[in-house]
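This is a predicted model, so every value here is computed, not measured.
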Amino acid sequence: MPAEPSRPPATPAEAVHAMDRLISAHLFGQHQIAQELGMSVTDLTCFGYVIEAGDDLLTAGELAVRAHVTTGAVTGILNRLERAEYVTRRPDPTDRRRVRVAVVPAAVERVMVIYGDYYVRLHALFGEYSGEEIGVIRDWFTRATALAHDYLENLGREHGGNSALETRGSEG
């Protein structure tokens with residue numbers, strides 16, 4: 001078994017700085033990828049949630065909650081994604097008033113042409129870490145994401161009553 005690479009200690013400030021650089025790279029990258037696919041970043045994010053749901057199809061309302069957008073905004077998002085043949089809407093088998101959102105398999109293939117190599121590289125990078133280390137990374141990402149959502153929800157309430165996240169989705 002090869003020796004594990006040396007990982008120098010870091011301060012929380014250094015880790016936050018590295019995180020900020022990663023977020024910045026991803027924000028610019030998401031904009032570029034969304035443009036390549038002919039959609040907005042919000043639409044791309046929502047498409048990702050639909051993919052992530054798999055066979056457990058989301059309702060439009062569930063998608064709105066996950067994306068932190070209003071139900072009105074999610075209707076526009078779904079209209080654009082459906083027109084571009086990324087998703088389809090299906091009647092909910094248990095409640096005819098609701099629709100469920102399904103991914104179009106060919107659309108996943110179109111997106112994976114762009115993302116595929118990046119995911120291969122990420123998996124290779126994770127291969128340099130032990131299962132325990134990956135568990136710590138996953139825990140940190142999960143907890144930091146929850147902290148970010150909570151912070152932004154509170155920020156929205158403190159500055160005018162709307163969540164900062166709820167205003168997303170109007171881009172088009």
Side-chain angles (χ1 to χ4, degrees), residues 19-126 137-138 141-153 155-157 159-172:
M19 178 195 70
D20 285 344
R21 288 192 315 260
L22 173 65
I23 290 170
S24 179
H26 275 262
L27 283 172
F28 288 118
Q30 287 297 89
H31 280 281
Q32 184 176 349
I33 290 167
Q35 281 184 324
E36 287 282 324
L37 294 168
M39 64 173 81
S40 70
V41 171
T42 300
D43 293 359
L44 179 60
T45 300
C46 287
F47 182 62
Y49 285 129
V50 175
I51 292 172
E52 182 182 294
D55 292 334
D56 188 22
L57 303 181
L58 297 174
T59 65
E62 290 167 339
L63 181 57
V65 169
R66 285 194 189 181
H68 297 273
V69 298
T70 64
T71 54
V74 89
T75 298
I77 291 165
L78 290 175
N79 288 343
R80 289 188 299 275
L81 289 174
E82 197 167 40
R83 263 193 319 272
E85 299 181 349
Y86 283 97
V87 302
T88 59
R89 290 181 248 209
R90 298 181 182 166
D92 186 311
T94 61
D95 184 346
R96 294 179 53 170
R97 296 168 294 175
R98 293 190 305 192
V99 296
R100 297 219 171 245
V101 184
V103 71
V104 173
V108 175
E109 292 172 21
R110 290 193 317 248
V111 171
M112 287 312 294
V113 166
I114 294 174
Y115 275 106
D117 185 51
Y118 182 58
Y119 285 146
V120 167
R121 292 175 188 205
L122 283 175
H123 282 275
L125 179 60
F126 277 120
I137 294 167
R138 180 180 182 269
F141 278 137
T142 301
R143 293 171 62 195
T145 299
L147 184 147
H149 284 297
D150 183 59
Y151 178 79
L152 292 171
E153 291 295 330
L155 182 66
R157 282 191 283 278
H159 298 280
N162 289 327
S163 162
L165 291 172
E166 286 176 354
T167 59
R168 289 188 350 196
S170 58
E171 62 187 279

Side chain to side chain contact (heavy atoms under 4.5 Å, CB included) between Arg89 and Glu82, intermediate numbers included:
CA-CA 8 Å; Arg89 290 181 248 209; Glu82 197 167 40; 3.0 Å; yes

If I take atom CG from residue Leu44 and atom CD1 from residue Ile77, how far apart are they, to the nearest 0.5 angstrom?
11.5 Å

Could you tell me the separation between the CG atom of Leu58 and the CG atom of Asp92, rounded to the nearest 0.5 Å?
11.5 Å

Check whether Thr45 reaches the backbone of Val41 with its side chain - one donor and one acceptor, N or O, closer than 3.5 Å.
yes

Nearest heavy-atom approach of Leu81 to Phe47 is CD1-N, 4.2 Å

Looking only at heavy atoms, which two atoms of Arg90 and Leu57 are closest? And how far apart?
NH1-CD1, 3.8 Å

Closest heavy-atom contact between Glu36 and Ile114?
CB-CD1, 3.8 Å

Counting distance only, does the side-chain N/O of Glu62 pair as donor-acceptor with the main-chain N or O of Thr59 below 3.5 Å?
yes

Between CZ of Arg143 and CG of Asp150, what distance do you get to the nearest 0.5 Å?
13.5 Å

Nearest non-hydrogen partners of Arg66 and Glu52, listed with the distance
NH1-OE2, 4.1 Å

May I ask you to decide whether Asp117 forms a salt bridge with Arg121, counting only side-chain N to carboxylate O separations under 4.0 Å?
yes

Check the pair Tyr49 / Leu63 against side chain to side chain contact (heavy atoms under 4.5 Å, CB included), numbers first and verdict last.
CA-CA 7 Å; Tyr49 285 129; Leu63 181 57; 3.7 Å; yes

Can the ring centres of Tyr118 and His123 be said to be less than 6.0 Å apart?
no

Between Val108 and Tyr86, does the side chain to side chain contact (heavy atoms under 4.5 Å, CB included) criterion hold? Intermediate values first, please.
CA-CA 8 Å; Val108 175; Tyr86 283 97; over 6 Å; no

side-chain contact (heavy atoms from CB on, under 4.5 Å) partners for Val101, two or more places apart
Val50, Leu78, Val87

Hey, mind stepping through Ile137 and Phe126 against side chain to side chain contact (heavy atoms under 4.5 Å, CB included) and telling me if it holds?
CA-CA 10 Å; Ile137 294 167; Phe126 277 120; 4.2 Å; yes

Are side-chain heavy atoms of Arg110 and Val104 found at a separation under 4.5 Å?
no

Classify the ring geometry between His68 and His149 as parallel (under 30°), tilted (30 to 60°) or perpendicular (over 60°).
parallel

Shortest non-hydrogen contact between Thr70 and Ala73, atoms and distance:
OG1-N, 3.0 Å

